[in-house]
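Notes follow the structure.
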Number of protein chains: 2
Amino acid sequence: MPADAWLEQLRDNGYRLTKARRAVVETVEKTTRALTPVEVFDMARKKYRALGLVTVYRTLEKLEELRLIQRVHQPQGCQAFIAAGVGHQHLLLCQNCGQAAFFDGDDLEMLTNAIARNTGYQIQDHWLQLFGLCANCR
Amino acid sequence: MPADAWLEQLRDNGYRLTKARRAVVETVEKTTRALTPVEVFDMARKKYRALGLVTVYRTLEKLEELRLIQRVHQPQGCQAFIAAGVGHQHLLLCQNCGQAAFFDGDDLEMLTNAIARNTGYQIQDHWLQLFGLCANCR
DNA sequence: TCCTTATTGAAAAACATTTTCAATAAGTAT
DNA sequence: ATACTTATTGAAAATGTTTTTCAATAAGGA
Ligand SMILES: [Mn+2]
Ligand SMILES: [Mn+2]
Ligand SMILES: [Zn+2]
Ligand SMILES: [Zn+2]
C-alpha cells in the first residue's frame, strides 16, 4: 500500500495532513523492517527537520488505530512497528538484519479444536511469528 | 515443578538462598497467570515485608536466565512473567481472567517448509500463542 | 483572506527499569 | 559457635521511555 493511501486513510478519518505526519508515514510505509519510535524519529527528521519525537508517538498511535501499522514483538523488545499485513497474515523476521516478510496459509483449525477439547478453553485468536535468516543473511 | 526445585536450581548455579528470593520464587511458582514485577512485589511482600522492588527485578532476571520463568507477550503489554512450560510448549491465555495453560502438539513442519520455499528464509524458531476464554470465564 | 480548532514541539511529568553504594546476611572455614 | 568473605540487599539516584500539559502554529473549510 503506497504512502498516499495511508494519508488518505488519515484524511478520511478526520485527521489533518501535516508535514510531520507525511514524514512519519513515508518513513514507516517504505521500510521493510520494524522500527522503534526513535528510529522513525531519526529517519523522518531527514524529511522534515522540525519534527518532534512526541509527534512520532502520536502518529504511530493513530496509524495503529487505523490498522495501517502493527506492533512487532521480539525477544529484544516490543516497541517496534511495521506496516501491517493484509488480511490474515503473520510475520517472519530475520534474526540477523530484521528484514520482515509476511506469510499466510497457516491452518490451525485441527490444533485449536484439539486444544479446546483438552483444556476447556474457547479459543478466539492466535499469534504466530516465525524467526529465521533471510535469503541475504543465511 | 515445586518451589523447592527452583530454589535448588538457584543454589546449584551458585546463587544464595535468601528470604527475598524465596518469597519471589514461591509467589511466581504457584501463580497460574502472568505477573508483572510490581504484582510479584505486592504478592511476595506479604511473605517477606522487607522485600524491595529492585530485588524482584533482579530475581526475575535470574529465573529467566535459568529458564524457570518466561516473559509473556500480550496486546496490553509484555512485562509479565509466568512459570515456564516444559519442553516444547506454547501458551494459551484467557482474555478475561488471564488464566494460563500450556499446550503442545503443534506441528508446523509443513507450513514452515512451504514458507521457506516461498520466501527464501531459513526458519529457525517460532512463537505461537493462543487467546480465548477459560472454562470458568466463557 | 479569515476563522476555527486540530496539531505541533518543548518542557515537564509520569512511569518503568537499571545502576550505585554502603549495610547486611548467606554460606563456608575455623 | 564464631569469624570471615563476599554475594545480596534495599534505598536513593540515574537512566530511558512514554505521556501530559500548554501556548503557538498551521491545516482546511468558509
Ligand atoms: Mn494465523
Ligand atoms: Mn511450537
Ligand atoms: Zn536478514
Ligand atoms: Zn478466565
Side-chain angles (χ1 to χ4, degrees), chain A residues 3-4 6-28 34-66 69 71-81, chain B residues 3-4 6-28 34-66 69 71-81:
Chain A
D4 284 349
W6 289 27
L7 295 171
E8 196 178 335
Q9 279 284 313
L10 283 169
R11 189 168 46 68
D12 289 352
N13 283 79
Y15 296 120
R16 293 180 182 177
L17 300 189
T18 65
K19 289 174 186 172
R21 285 178 181 160
R22 282 178 212 276
V24 170
V25 162
E26 280 170 27
T27 298
V28 178
L35 298 175
T36 64
V38 171
E39 284 175 327
V40 173
F41 177 60
D42 290 338
M43 292 169 72
R45 208 149 54 130
K46 288 173 184 156
K47 300 172 193 290
Y48 178 58
R49 292 303 309 176
L51 180 65
L53 177 58
V54 188
T55 299
V56 172
Y57 275 97
R58 290 190 279 226
T59 304
L60 292 175
E61 189 175 88
K62 288 179 175 59
L63 293 176
E64 192 180 24
E65 274 169 22
L66 297 178
I69 64 173
R71 186 178 295 268
V72 177
H73 300 260
Q74 287 186 268
Q76 315 92 301
C78 307
Q79 334 59 204
F81 294 88
Chain B
D4 284 349
W6 289 28
L7 295 172
E8 197 178 335
Q9 279 283 313
L10 283 168
R11 189 167 45 70
D12 289 353
N13 283 78
Y15 296 120
R16 293 182 181 176
L17 300 188
T18 65
K19 289 174 185 171
R21 283 177 182 162
R22 283 177 211 276
V24 170
V25 162
E26 279 170 27
T27 298
V28 177
L35 298 175
T36 63
V38 171
E39 285 175 327
V40 173
F41 177 61
D42 289 339
M43 292 169 72
R45 208 152 50 132
K46 289 173 183 153
K47 301 173 193 289
Y48 178 57
R49 293 303 311 178
L51 180 65
L53 177 57
V54 188
T55 299
V56 172
Y57 275 98
R58 289 190 279 225
T59 303
L60 292 175
E61 189 176 87
K62 287 178 176 59
L63 293 176
E64 192 180 22
E65 275 169 20
L66 297 178
I69 64 173
R71 186 178 294 268
V72 177
H73 300 260
Q74 287 187 268
Q76 314 93 299
C78 307
Q79 336 56 209
F81 294 88

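Throughout, a chain's letter reflects where its sequence line sits, starting with A, and its residues are numbered from 1. Everything numeric here is computed off the predicted structure, so don't read it as measured data.
One atom, CG of A:L60, and another, P of D:dT19, lie 10 Å apart when rounded to the nearest Å. The CG-P distance, from A:D12 to D:dA27, rounds to 19 Å in whole Å. In this structure, the CG atom of A:N13 is 17 Å from the C1' atom of D:dA27, given to the nearest Å. For A:Q76 and D:dT17, the CD to P distance is 15 Å, given to the nearest whole Å. The interatomic distance linking A:L35 (CG) with D:dT17 (C1') rounds to 17 Å, in whole Å.
Nucleic acid contact for B:Y48: sugar-phosphate only, since backbone atoms but no base atoms lie under 4.0 Å from a heavy atom of the residue.
The shortest distance between the side-chain N/O atoms of A:R21 and the OP1/OP2 oxygens of C:dT8 is below 4.0 Å.
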Report summary line: Once base and sugar-phosphate atoms are separated, protein heavy atoms under 4.0 Å mark nucleotides 17-30 of chain C, 5' to 3', with B, S and - as SBBB----BBS---

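For the pair B:F81/B:V40, no side-chain contact is recorded, criterion being any heavy-atom separation below 4.5 Å from C-beta on.
Here the shortest heavy-atom pairing between A:L51 and A:A44 reads CD2-CB, 3.5 Å.
A:R21 contributes no side-chain N or O that, together with a main-chain N or O of A:L7, makes up a donor-acceptor pair within less than 3.5 Å.
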Query raised in the report: After noting the C-alpha distance and the side-chain angles of B:W6 and B:L66, does the key distance pass the side-chain contact (heavy atoms from CB on, under 4.5 Å) rule?
Result: CA-CA 9 Å; B:W6 289 28; B:L66 297 178; over 6 Å; no

Query raised in the report: Does the side-chain contact (heavy atoms from CB on, under 4.5 Å) test come out yes or no for A:V25 and A:L10, once each step is laid out?
Result: CA-CA 10 Å; A:V25 162; A:L10 283 169; 4.0 Å; yes

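Within a 6.0 Å sphere centred on NZ of B:K47, other residues, nucleotides and ligands contribute more than 12 heavy atoms.
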